[in-house]
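Have a look at the structure below before the remarks.
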Amino acid sequence: MAFNLTSSPFSVSQDSHLFCISSLVPSHLLHLKPPALNFPLKINPKPSVYVTHISLQEQPQTSNSEISQNPDEKTSSSSKSYIWVNPKSSRAHHLRKDSYDFRYASLLKIAKSLDICDPLEADVAGILETLGGRIVEQDAAVVLNNMSNPETAPLVLKYFQKRVKLSKEVILYNVTLKVCRKCKDLDKAEKLFDEMIEKGIKPDNVTFSTIISCARQCSLPEKAVEWFEKMPSFGCEPDDVTYSVMIDSYGKAGNVDMALSLYDRARTEKWRLDALTFSTLIKIYGTSGNYDGCLNMYEEMKALGIRPTVMVYNTLLDAMGRARRPWQAKNIYKDMLNKGFEPSWGTYAALLRAFSKARYGEDALNVYREMKQKGLELTVVLYNTLLSTFADVGFTDEAVEIFREMKDSSNCTPDSWTYSSMITIFSCSGKVLEAEETLNEMLGAGFQPNIYVLTSLIQCYGKANRTDDVVRTFDRLLELGITPDERFCGCLLNVMTQIPREELGKLTSCIEKANSKLGHVVRLLIESEDIEGEIIKKEAGQLFNDIGVDVRKAYCNCLIDLCINLNLMERACELLDLGLTLEIYTDVQSRTPTQWSLHLKSLSLGAALTALHIWMNDLSRTLENGEELPPLLGINTGHGKHKYSEKGLAGVFESHLKELKAPFHEAPDKVGWFLTTNEAATSWLESRRSNGVAAS
DNA sequence: CTAGGGTTAG
């Protein structure tokens, strides 16, 4: 069967078993390495030069060899000799692909020139002349399909309509509509549609799904709906793709209910929805916060016998990240690998985000290492995600290493987020010099310090007991015209709990400037020793009501610490009591018939000591009332491994309990728990009472 | 890439 020259030279028939390449082809074309293209190039007038020599004939003898000389042709003149290529071989695949690529590259070049030429018929025609006289309909579609200029594309369409015999004109309209979509130009798309109708060309599902997705990308979901509803009046019934686009449109518009009801409709109409639609549905559930809905969709998809794609997995992983369910992300990832899927860049990005959000530092680091090993480049956002997690979990050395690798990478430069994370990391780990160096580097790169950076620096200097530098940094904030926020004030307050008494005044005035209400409460605590407890409670209560829920506990902890440092236990008790009343602290004490417990997990040291003091008083009162203690008493300090300090609450508490001669002992099997029995506790509390050292 | 669906985030 000889190749038909009049048909498209590229439609290499799929059912043929062999290609045959005529030796007439110049040797450089035998390998079908396309010659260097010097645009403009006429690609159609002599297509035989590079393609039509691939002829297709049965050649059974050579079935087991990839390339061989055809014995029948060997003896004839060189002009008739052929090289036979098994079409199933990789060689044949390359030949076919190369010829295709060559044609495609030429048409691409034409599309690019049409994109940048003036929207004038003559200019457009000038470029299209290079296609030659006989233009194949498919070539016209390819050119338009690769254009992205909505001004010239209609002119190109017009040219083809005039010059090419079109059997399926709707296709050319559809690809031109795609150009409008690329440019998010719904008006032009609608105009084009009107023109189609005027010319009597019947739109099809492709026409509608393109316009609908155009409306979606223009963030005009109501327009998308309008077009969707218009379909039946043009004799089109929505199909699987239309449903998919509409589901996504509703999802993007935040109309989750409509998206899901459309999914139901598609199912009852028995459309076979594919993995991409499910990926869309999972995304909709994910962005609306219904994470179990995501998993259900995944199960439903599998139940329908639809094989997931990498994208489905990526969407699921992303949803599990948002849901802060890193363990589920891990399971899905394992599942994906077991099924033989190759993770993509998006897979790793989703995992990295999921682990970072959940502060799974080690796992995030492993993802990073795997990406590097596979040569996948991280973006600035991903680097920053990783570094901010490392700041949270205290991976100082790892952060330093990755910061360096980021600076070495070709496609990334640190931004203010990056510097901010690094300065935070150095500040929290007490590396004052490194923090200052990084600040200078940041300034050198042209970034102003922001409130995050200055907050970190204040912590840094506070920890190093450099009160004057704290004040200097505070002044810098004001000079930069930045308004101190609640977190910043919280840090100033926290510094006050760490510095000697005689330096407190320096920071009190800073705090007063930053937040007068807080300043007022602080001054009351430090300076008015014999003020009424009720007044403190009233003022502090007002303060707590004024500030955000997220900083309340931090403020309360600091104020109590300040009292403890100043030996004002009674005042500390009043503040703790206030904190309990306002539910800043919850479940500090718990009682079951067998065990009474004190939970100190999110309390600062001062607050914890205060809570212990109150608890001991409560226990003593129980005994005074002639009641029994339960068999077991326990104090839970939490595991005590604070990210940036070796000695957490557990360690400090252990020595404190020893000082008090309290009979509590660290539970060997329960980390962070100190336990004692009824008997031991009772005799200890009674000896304290008789010694007169019990509660004041 | 081959006339229709989504894609990269703090």
Side-chain angles (χ1 to χ4, degrees), chain A residues 8 10-12 96-97 100-108 111 136-147 157 166-179 181 203-214 216-217 224 227 231 236 238-249 251-252 266 271 273-284 286-287 309-312 314-315 317-319 321-322 344-354 356-357 376-389 391-392 411 415-418 420-421 452:
Chain A
S8 165
F10 310 102
S11 50
V12 176
R96 200 185 313 189
K97 193 174 171 304
Y100 182 83
D101 288 351
F102 179 50
R103 158 184 167 266
Y104 197 83
S106 319
L107 295 173
L108 267 185
V136 188
E137 190 170 2
Q138 197 193 344
D139 288 346
V142 170
V143 168
L144 275 166
N145 194 40
N146 284 290
M147 286 188 61
L157 172 67
L166 297 169
S167 60
K168 284 175 281 181
E169 201 165 343
V170 64
I171 293 179
L172 288 198
Y173 273 102
N174 289 346
V175 285
T176 314
L177 284 169
K178 276 175 76 182
V179 179
R181 189 187 55 193
D204 59 12
N205 273 352
V206 178
T207 316
F208 283 101
S209 57
T210 308
I211 296 176
I212 291 168
S213 68
C214 178
R216 189 199 73 93
Q217 279 183 21
W227 278 97
M231 291 180 70
C236 292
D239 61 10
D240 54 342
V241 175
T242 331
Y243 276 121
S244 183
V245 183
M246 277 313 298
I247 288 170
D248 191 38
S249 297
K252 277 269 153 48
W271 283 109
L273 299 171
D274 64 7
L276 186 53
T277 308
F278 279 95
S279 160
T280 304
L281 285 159
I282 292 168
K283 182 166 281 174
I284 290 170
T287 45
T309 59
V310 172
M311 186 163 162
V312 168
N314 293 354
T315 315
L317 290 171
D318 202 61
R322 281 172 201 273
S344 67
W345 188 91
T347 313
Y348 292 117
L351 282 175
L352 200 67
R353 253 174 291 148
S356 293
K357 201 168 214 168
L376 295 170
E377 295 269 15
L378 276 80
T379 59
V380 191
V381 177
L382 278 185
Y383 270 115
N384 289 347
T385 306
L386 203 55
L387 290 175
S388 106
T389 299
D392 285 339
N411 65 334
D415 64 9
S416 61
W417 287 72
T418 320
S420 170
S421 288
Y452 302 104

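Residue numbers start from 1 in every chain, and the chains themselves are labelled A, B, ... in the order their sequence lines are given, proteins ahead of strands.
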Practice prompt. Take A:S279 and A:T315 through the side-chain hydrogen bond (donor to acceptor under 3.5 Å, both in side chains) test and state the conclusion after the steps.
Written response: CA-CA 6 Å; A:S279 160; A:T315 315; 3.1 Å; yes
Discussion item. Please determine whether a side-chain nitrogen or oxygen atom of A:K168 lies at a distance below 4.0 Å from atom OP1 or OP2 of B:dA3.
Written reply: no
Item to complete: Answer with base, sugar-phosphate or nothing: what part of the nucleic acid does A:V241 contact at a heavy-atom distance below 4.0 Å?
Response: base
Fill in: Whole-angstrom distance between B:dT7 and B:dC1, as gauged at atom P
15 Å
Item to complete: Assign A:D318 to base, sugar-phosphate, or nothing according to its heavy-atom contacts below 4.0 angstrom with the strands shown.
Response: nothing
Discussion item. Need one value for A:D274: base, sugar-phosphate or nothing, where a base atom within 4.0 Å counts as base even if backbone is also close, heavy atoms only.
Written reply: base
Discussion item. Looking at B:dA9, I'd like to know if its phosphate oxygens (OP1 or OP2) sit under 4.0 Å from a side-chain N or O belonging to A:K357.
Written reply: no
Worksheet item: Which nucleotide sits closest to the side chain of A:T242: B:dG4, B:dA9, B:dG6?
Response: B:dG4
Worksheet item: What does A:D248 touch in the nucleic acid at a heavy-atom separation under 4.0 angstrom: a base, only the sugar-phosphate, or nothing?
Response: sugar-phosphate
Discussion item. Classify A:A141 by what it touches in the nucleic acid, base, sugar-phosphate, or nothing, heavy-atom distance under 4.0 Å.
Written reply: nothing
Item to complete: Compare side-chain N and O positions of A:N145 against OP1 and OP2 of B:dT2 and report whether any pair is under 4.0 Å apart.
Response: yes
Item to complete: Look at A:K283 and B:dA9 and indicate whether a side-chain polar atom (N or O) is within less than 4.0 Å of OP1 or OP2.
Response: no
Item to complete: Please confirm whether any donor atom in the side chain of A:D204 sits under 3.5 Å from an acceptor in the base of B:dG4, or the reverse.
Response: no
Worksheet item: B:dG5 base to A:T277 side chain: any donor-acceptor pair below 3.5 Å?
Response: yes
Worksheet item: Between the side-chain atoms of A:S209 and the base atoms of B:dG4, is any donor-acceptor pair under 3.5 Å?
Response: yes
Discussion item. Need one value for A:T379: base, sugar-phosphate or nothing, where a base atom within 4.0 Å counts as base even if backbone is also close, heavy atoms only.
Written reply: base
Worksheet item: Under 4.0 Å: is that the gap between some side-chain N or O of A:R181 and OP1 or OP2 of B:dG4?
Response: no
